[in-house]
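Here is the structure we will look at.
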Amino acid sequence: MGTVTSLPSLSRFFRMDILRPVFRAGVLLVLCGLIWGCGLVNPAPPRAVVAEAVAQKVAQTQVLLQQQLGVVVAPGSVDLPQASGIHVTGHRWMTLNNQPAVVVNGTYHLKGGGLGWGQQRQTRPFSLYLRRIGEDQWVAVDPLLPEK
């Protein structure tokens, strides 16, 4: 009968005392990536804050357009379009006037205000700059205006 030869063990090629710290560093790196990806380090503003900021921006734009067109109406007497169907597509943190701020991108639809069905179905993009001023408080900022 034949002789049995044993294969060299893997410990001969890989020293466990060297691999253990590499394995730990890899696990730590994966955990850090998961924490970063979940938004615990750089959280996104709450959806309600984004929705309110988009609604304010739409209302400001409508009032500005009416003023430019010379339309004089009493406040609240005209049905203005409202933002709806707000969908956030991404956010990223940046520094704006030496302060941390987040840029939120997404899309929205308009409803009401005498708009036709086709106009209400149009997807409109938005980009907002928000700054955190408290634990659950955010404020919209204009990147073109200097800070006070």
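The side-chain hydrogen bond (donor to acceptor under 3.5 Å, both in side chains) test applied to S127 returns N105, not counting sequence neighbours. When the side-chain hydrogen bond (donor to acceptor under 3.5 Å, both in side chains) test is applied to R121, no partner is found at least two apart in sequence or on another chain.
Of all heavy-atom pairs between I133 and W138, the closest is CG1-N, 4.3 Å. Between H87 and F126 the shortest heavy-atom distance is O-CE2, 4.0 Å.
For CZ of R124, the number of neighbouring non-hydrogen atoms (other residues, nucleotides, ligands) closer than 6.0 Å is greater than 12.
The line from CD of Q122 to CH2 of W117 is 11.0 Å long, rounded to the nearest 0.5 Å.
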Donor-acceptor pairs under 3.5 angstrom involving side-chain atoms of residues 44-61: please list them, not counting sequence neighbours.
from : atom 1 : to  : atom 2 : distance (Å)
R47  : NH1    : I86 : O      : 2.7
R47  : NH2    : I86 : O      : 2.7
E52  : OE2    : Q56 : NE2    : 3.4
T61  : OG1    : K57 : O      : 2.8

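Judged purely by atom type and a 3.5 angstrom limit, H109 has no side-chain atom pairing as donor or acceptor with the backbone of A83.
One hydrophobic cluster, built from ILVMFWY side chains closer than 4.5 Å, cannot hold both L65 and L110; they sit in different ones.
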